[in-house]
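Worksheet: the structure to be examined is printed underneath.
Chain letters run A, B, ... following the sequence lines, proteins first, then strands; residues in each count from 1. Just so you know, these numbers use all the heavy atoms, side chains as well, and skip hydrogens, waters and symmetry mates.
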Number of protein chains: 4
Amino acid sequence: MDKIATQSPRQKRDPEETRKRILKAAKKEFAQLGLAGARVDTIADRAKANKRMIYHYFGNKEDLFQAVIEEAYLDIRAAERKLKLELLEPVEAIKALVRFSWDYYLKNPEFLALVNSENLHRARHLKKAQTIIEVHGRFIGMVEEILQRGVGQGVFRPDVDPVQLVITIAGISYYYQTNRYTGSIIFQRDLMSDEAREERLNFNIDTILRLLRP
Amino acid sequence: MDKIATQSPRQKRDPEETRKRILKAAKKEFAQLGLAGARVDTIADRAKANKRMIYHYFGNKEDLFQAVIEEAYLDIRAAERKLKLELLEPVEAIKALVRFSWDYYLKNPEFLALVNSENLHRARHLKKAQTIIEVHGRFIGMVEEILQRGVGQGVFRPDVDPVQLVITIAGISYYYQTNRYTGSIIFQRDLMSDEAREERLNFNIDTILRLLRP
Amino acid sequence: MDKIATQSPRQKRDPEETRKRILKAAKKEFAQLGLAGARVDTIADRAKANKRMIYHYFGNKEDLFQAVIEEAYLDIRAAERKLKLELLEPVEAIKALVRFSWDYYLKNPEFLALVNSENLHRARHLKKAQTIIEVHGRFIGMVEEILQRGVGQGVFRPDVDPVQLVITIAGISYYYQTNRYTGSIIFQRDLMSDEAREERLNFNIDTILRLLRP
Amino acid sequence: MDKIATQSPRQKRDPEETRKRILKAAKKEFAQLGLAGARVDTIADRAKANKRMIYHYFGNKEDLFQAVIEEAYLDIRAAERKLKLELLEPVEAIKALVRFSWDYYLKNPEFLALVNSENLHRARHLKKAQTIIEVHGRFIGMVEEILQRGVGQGVFRPDVDPVQLVITIAGISYYYQTNRYTGSIIFQRDLMSDEAREERLNFNIDTILRLLRP
DNA sequence: CATGAATGAGAATTCATTCAT
DNA sequence: TATGAATGAATTCTCATTCAT
């Protein structure tokens, strides 16, 4: 739909703010419609920015998508770091991590959609983002350290690959949530009701603890 | 640039064949690029069919997508029924099911992409497919029956929700494979090498058995 | 200016015709405004064709320009070949050639503009046109043959480089005509009046004959 | 993509200098790409000036083009006046003029491109430049005077129109050089090598002297 | 049934110009 | 005078869909 003579007042001159507004609007749009389905016009509208500014700050649609992807990956790791898992007892740390995955996806469903989109594009945007690789490496290191502490205390079995664990923790929440629409149809059950969500989270914690149990 | 006057030889007049070729080409294209990214022209080319035929057989692009989605869901359940899980011992049946999920996704990566796409579109195409709901209901029923047998034999703990189980079985394979591109970058590891795949499958079987263990 | 609801009747389905109409319209537009100044929309309008057809037949604006350039160069040589200069006496042949240059530019002012445009673009389109190089080589060969006959008959001096001659013949007409607008101002004289044109043509013939005189 | 935040150091406040830098950058850009192809942004960059300054000093893109054209025409005549042809013997004066044309175009190829551009625009910018008309009138007067002296000395034939002569002198150099890209392809010869240039200059001098010979 | 040319409504991108600071 | 962010109007190019043959 065209905006007709809405004559929005000229935007304040705050470059950093403008850039952020665009990025936020783009995240929403890309999450909702994918790279191909997203519309630059809509992003501009949502950002209350001039379309020209998108090209000014980000180059083109694809580069904007890349910026969105990068930010999304940095955000989730930043949020996770705030948990300070390394300060918790092993079992508590793992529980917190499972809960974090579940909650983060729940509060940031765009993240799931963006990751799916990025995989559709064979991760060609993520490939260029060196920082993310580093940040992620540190995350795996931390999980490994938790596992070792748990093994030392006799609460976890040895020889669990931290990468397999992390993938499993993510997978059991991710799949449930990213497929909430098809899942609700196929299983004929509202997967996202309060009870359903609570039940699933507990199921996931149980699954992971059983997996680690000696 | 468009190709001009390739004058491909007029296709044989085999309606059913043409329809199938289009459907197959469409599945590939939609899986590769999503609904918005897919091109009707490309589908026609890939199907070695005339574009007009797509509209003749399927109405429009979106309806074609719907046909692809329906077929994809019917196919996976048909493949699974061939396993005749109900004839196996409970533990063997579950193992076979985990293995099946893993292998099916591996051999049919379009399925993952299509399901992701369909969720991007909030399952609005799947909603219209009554058959799939029924087929799926029977599948859940069968898993439930396996669980009960296992509980009766004392090899499974009681009170495991078959839906949660099925979602978990799917999720731990699905996530790994659908995110193979971003995953390989983030974890700095080739997730799809022969060894990696073998290792993951075993990990998954183990995860599910631990989850069911009394 | 937009055309408003002119609702032109759907064009007849004559691909070759459509292609020609586009090419002709493009030649006019590019000659008038250059590659950068030309508008694809205007070309479509002028060709009474759908804009989409331009991309269908020619790929993009630049490729269309290239097609125009190629055709322009082929046309002038084709017109010149019709003169059958090789059948004339040397002096008459040269006179005919000088006259031809003058007249061709006069009747085809787009040619001058297109060549100027192509030089602005450092001949990057012409570079790809092998045919033109060959056609032109034959043209130079024919002029050389005329020169030799003239030398043999004692009417031309020896050792005149046919390329220099051809460039000179072209240059004295080309410059006059391509600069007719700035020239008319600078020299405060209507360079394109009937008398002015007649006078210049005679001057040019004289110049070339003096140049060849033994 | 736009460059962002290059934060070039604020330019010194030297109005006249800024104006000159813009004019010089504009000449280059217009010569390279024509009026339509030139970019105001690029001109600003090349001039290391703020885009706003272009509008401040020149009004708009088209007026800037006009300023460039005017300057170009004034420059060539100024350079030519320095030759003091009126002090040379007629034959030497003409030789010097032919050589000047050749050399000036060689050292100022933008001049050729600008003149071509201006003719594409039907000289609408030059029309407004009264000074140029006057300067040029004086130039023709001087050539006429040289011709008369030559006729008086019996070294030139009478009745040669100075305007035709001037156009011819310009044309044989101009055409060669302005078409150096297409020419080099069509004639399959590097028209701009040292030898080729030397040969052409001599050819041109010879052509003009033969044209004037009694 | 089959073909592929033609269409119109977008969609991405570009650009000269203006305006707040 | 100088800066560069912001704007809106084009402009090139794309795409699903229709229609004559």
* **Side chain Glu29(A), main chain Val40(A), donor-acceptor under 3.5 Å** => no
* Asked: Which sits closer to the 5' end of DNA chain E, Ala36(A) or Lys51(B), going by the nucleotide each is nearest to?
  -> Lys51(B)
* Taking CZ from Phe65(B) and P from dA16(F), how many angstroms apart are they, rounded to a whole number? -> 14 Å
* Separation of dA6(F) P from Glu16(A) CD (nearest whole Å) -> 11 Å
* Under 3.5 Å for both distances, Watson-Crick or G-U wobble, that's the pair rule; now give the dot-bracket for DNA chain F, with | marking pairs to another strand and [ ] for crossing ones. => .||||||||||||||||||||
* Side chain of Val40(D) - closest among dA16(E), dA16(F), dT3(F) -> dA16(E)
* **Spacing between Asp14(C) atom CG and dA6(E) atom P, to the nearest angstrom** => 8 Å
* Asked: Taking the side chain as C-beta and beyond, is there a heavy-atom pair between Phe58(A) and Leu23(A) under 4.5 Å?
  -> yes
* To do: Determine the contact category for Ala44(D): base if any of its heavy atoms lies under 4.0 Å from a base atom, sugar-phosphate if only primed atoms, P, OP1 or OP2 are that close, otherwise nothing.
  => nothing
* **OP1 or OP2 of dT18(E) under 4.0 Å from side-chain N/O of Arg52(D)** => no
* If only side-chain N and O atoms of Thr18(C) are considered, is one of them under 4.0 Å from the OP1 or OP2 phosphate oxygen of dA5(E)? -> no
* When you check the gap from the basic side-chain N to the acidic O, do Lys20(B) and Glu16(B) get nearer than 4.0 Å? -> no
* I would like to know whether Phe30(A) and Ile69(A) meet side chain to side chain contact (heavy atoms under 4.5 Å, CB included); could you show each step before the answer? => CA-CA 10 Å; Phe30(A) 283 131; Ile69(A) 288 289; over 6 Å; no
* Structure fact -> In whole angstroms, the gap separating P of dA16(F) from CG of Asn50(B) amounts to 15 Å
* Asked: Once you round it to whole Å, what is the distance between C1' of dT1(F) and CD of Glu17(D)?
  -> 15 Å
* **Nucleotide dG8(E), atom C1' - distance to NZ of Lys48(C) in whole Å** => 18 Å
* Asked: Which atom names give the shortest non-hydrogen contact between Lys27(A) and Glu71(A), and what distance separates them?
  -> NZ-OE1, 3.9 Å
* Asked: Just how far, in rounded Å, is P of dC15(F) from CG of Leu64(B)?
  -> 17 Å
* Find the distance between CD (Glu110(C)) and CD (Gln32(C)) and round it off to the nearest 0.5 Å. => 10.0 Å
* Asked: Could you give all pairs that pass the salt bridge (Lys or Arg N to Asp or Glu O under 4.0 Å) test and reach residues 57-70 of chain B, with sequence neighbours left out?
  -> Glu62(B)-Arg124(B)
* Selection: residues 54-63 of chain B, any non-hydrogen atom under 4.0 Å of DNA chain E -> His56(B), Tyr57(B)
* Asked: Side chain of Asp41(A), base of dG10(E): donor and acceptor closer than 3.5 Å?
  -> no
* Please name the pair of heavy atoms, one in Ala26(C) and one in Val68(C), separated by the smallest distance, quoted to 0.1 Å. => CB-CG2, 3.7 Å
* Relative to the 5' end of DNA chain F, which residue comes earlier, Met53(D) or Arg39(C), by the nucleotide with the nearest heavy atom? -> Met53(D)
* **Whether Glu118(A) side chain and Thr182(B) backbone form a donor-acceptor pair below 3.5 Å** => no
